[in-house]
Enquirer: 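Got a structure for you, written out below as structure tokens; questions coming shortly.
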Amino acid sequence: MSAAIQERPAEQAGRTPTVVRLLVLATFVVILNETIMINAIPRLMDSLRITEQSAQWLTTAFMLTMAAVIPVTGWFLQRVTTRQAYATAMGVFLAGTLLSAVAPSFEVLLLGRIVQAAGTAVTMPLLMTTLMIVVPKQDRGRVMGNVTLAISVAPALGPAVSGLILQAGSWRLLFLVVLPIAGLVTLFGLRKMDNISDPQVSSIDWLSVGVAALGFGGLVYGLSLFGGNDGRVGLGIGIVIAGVAMIAVFVIRQLKLQRTGVPLMDMRILGHRTYSLSLLLMSIGFLAMLGSMILLPLYLQNLRGLSPLETGLLVMPGGLAMGLLGPTVGKIFDRFGSRPLVLPGSIATFLALGGFTQVSMTMPYWQVLGLHTLLMVSLAATFTPVFTLGMGGLPPHLYSHGSSMLGTLQQVAAAFGTALVVTVMSARTSHLVADGVAAVPAQVSGMKLAFGVATALALVTIVVAAKLPNRVPGADTQDHGDADTVPPTDGAATQQHSAKTVKSDKEPDIQS
């Protein structure tokens, strides 16, 4: 790697590098597409003459593919240049979008969604790995806040945008609108993007690839069977157990490869205390967040009678607030560290979810809006510094493995959170109906209990947040203890220190 590239972070201190801006834009388009399908299920059922269970496979297959592909991205991102990874991810995504738009049948549409997911699985780890390489430590909070702006606003806009598009025409418009936008983003990115690292020649252990796909994919699929009314819970439990067993085999295989070869996912990332704590907090927080995001539409549409568009508009302010506060949260983290943000954010998340345990048929919509906004703002105060802390606690040559692990566990947490709250809600509702309680009060009681479970999980994040360090540990430490002290973050001395740190951090990345 040239000296110019090595010192780029120091030269660009105070501003977001172009390569990160381009990747954020691409990630925004990809995530918007992921959530834009939420309101299309009824239209797809009518147009393609499929059942609700079949239509739900468009989401389940997406998560399955993400869970199976993401473990490979750590190896993939080390083998190719930044431009090659970007071109591959967006090219695959475009192919899947085009295939979905012209799909003559449900089977072809499902295949298109799987192809889309394969491209999406590379985009987020590529963004996070690149950010950690090109952005100096003193600016990571601010830049991560800008990333949060994009990846939080996109899912918030998805349901509302899809509602508007579906008012205008067929479900195919959802893909036809995304296709030219993604195409322009791809072309513009390829023209402007620079390579920020040199590829490393390494082999891949195909046994690990197969075991990871079966393990993580099986776990996500098994969890997706929970909460259904078709008697497949027993099958889901069996598949989950088999998935966990395959994941255990995968971990053992990686530990062996760490001694004799190149692991697909380097488990040494878990030996870094700050990263491990951050991973645990984000996984539990993501699980609680996804659980609540599943329950709210069910409450607003099935019980309160709102339309999908009205539901999307009601939850949009919370998502927008989360995104718009991202840059501010990042600046606060850069200046004061994580403690003024993560612990209060975790407590506020607990309080917001606790408020949702009081849902009823007469709860004012402004109260729902307020609680959801508090939840999103609290998560913004938590996720940005926690991710920055966790990834900053790793040596540079493990960045790609760290982002891959995080992406994989996010998919598992999403599936587990959805399965958990739906199962609890369904079990409670069925029990009350069997005891003679009317359907609507039984459903409300089931949702209260499900929100209670999410609240209990949020309580765990408070405990983990209290154990996190205030600052990113030094690059030359092993991060097995508390590391609250970093060099000052202003002045010329800081930039000189940043340049030296980036140089020393990057060398292991090339030699490893």
Side-chain angles (χ1 to χ4, degrees), residues 35 38-43 45 52-53 55-56 59 155-156 158-160 162-164 166-167 226-230 233 287-322 348-379 417-459:
T35 59
I38 290 176
N39 289 334
I41 298 299
R43 189 71 61 86
M45 291 169 59
E52 184 177 0
Q53 288 77 15
Q56 195 62 41
T59 300
S162 64
L164 290 172
L166 291 172
Q167 294 283 343
F226 283 59
N229 297 320
D230 50 5
V233 175
L287 188 155
M289 180 184 73
L290 263 292
S292 65
M293 288 179 67
I294 284 292
L295 292 173
L296 269 183
L298 293 175
Y299 167 70
L300 293 172
Q301 295 181 39
N302 294 355
L303 296 180
R304 301 299 295 270
L306 297 186
S307 68
L309 179 59
E310 290 170 333
T311 301
L313 292 174
L314 183 62
V315 300
M316 183 189 292
L320 291 176
M322 181 182 186
T349 299
F350 171 77
L351 295 176
L353 290 171
F356 278 123
T357 62
Q358 305 304 310
V359 292
S360 67
M361 293 300 294
T362 58
M363 176 181 275
Y365 289 123
W366 65 263
Q367 192 171 344
V368 177
L369 174 63
L371 287 172
H372 182 259
T373 302
L374 175 61
L375 177 63
M376 293 296 105
V377 169
S378 304
L379 292 171
T418 301
L420 182 64
V421 298
V422 171
T423 300
V424 170
M425 180 186 67
S426 300
R428 175 67 172 170
T429 302
S430 300
H431 177 72
L432 292 177
V433 169
D435 288 344
V437 179
V440 171
Q443 281 186 304
V444 171
S445 179
M447 287 190 175
K448 287 183 177 181
L449 182 58
F451 274 120
V453 172
T455 304
L457 290 171
L459 185 61

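Please read these numbers as outputs of a predicted model, since none were measured by experiment.
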Enquirer: What heavy-atom pair brings Leu303 and Gln443 nearest, and what distance separates the two atoms?
Expert: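 Heavy atoms of Leu303 and Gln443 come nearest at CD2-OE1, 3.1 Å.
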
Enquirer: Can you tell me how far the NE2 atom of His372 sits from the CG atom of Leu300, to the nearest 0.5 Å?
Expert: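 It is 9.5 Å, given to the nearest 0.5 Å.
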
Enquirer: To the closest 0.5 Å, what do you measure between CG (Leu296) and CE (Met447)?
Expert: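 Answer for the CG-CE pair, Leu296 versus Met447, is 8.5 Å.
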
Enquirer: Is the shortest side-chain heavy-atom distance between Met425 and Val421 below 4.5 Å?
Expert: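 With C-beta onward as the side chain, the pair stays apart.
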
Enquirer: Heavy atoms only: give me the nearest Ser378-Thr349 pair and the separation to one decimal.
Expert: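 Shortest heavy-atom separation between Ser378 and Thr349 comes out as CB-OG1, 3.2 Å.
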
Enquirer: Scan the side chains in residues 350-365 for donor-acceptor partners under 3.5 Å anywhere in the protein, sequence neighbours excluded, and list what turns up.
Expert:
from	atom 1	to	atom 2	distance (Å)
Thr357	OG1	Gly354	O	2.4
Ser360	OG	Thr362	N	3.3
Ser360	OG	Thr362	OG1	3.4
Ser360	OG	Met363	N	3.2

Enquirer: Quick one: ring pair (Phe, Tyr, Trp, His ring centres under 6.0 Å) partners of Tyr299, sequence neighbours excluded?
Expert: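 So Tyr299 forms no ring pair (Phe, Tyr, Trp, His ring centres under 6.0 Å) with any residue.
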
Enquirer: Which residues pass the side chain to side chain contact (heavy atoms under 4.5 Å, CB included) test with Val424, sequence neighbours left out?
Expert: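 With sequence neighbours excluded, Val424 shows a side chain to side chain contact (heavy atoms under 4.5 Å, CB included) to Leu420, Leu449, Ala450, Val453, given in chain and number order.
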
Enquirer: With the side chain counted from C-beta on, respond yes when Thr373 and Val377 share a heavy-atom pair under 4.5 Å apart, and no when they do not.
Expert: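 Of all side-chain heavy-atom pairs linking Val377 with Thr373, at least one is under 4.5 Å.
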
Enquirer: Using modelled atom types and a 3.5 Å cut-off, is there a donor and acceptor pairing between side-chain atoms of Ser445 and backbone atoms of Pro441?
Expert: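 Checked: no pair found.
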
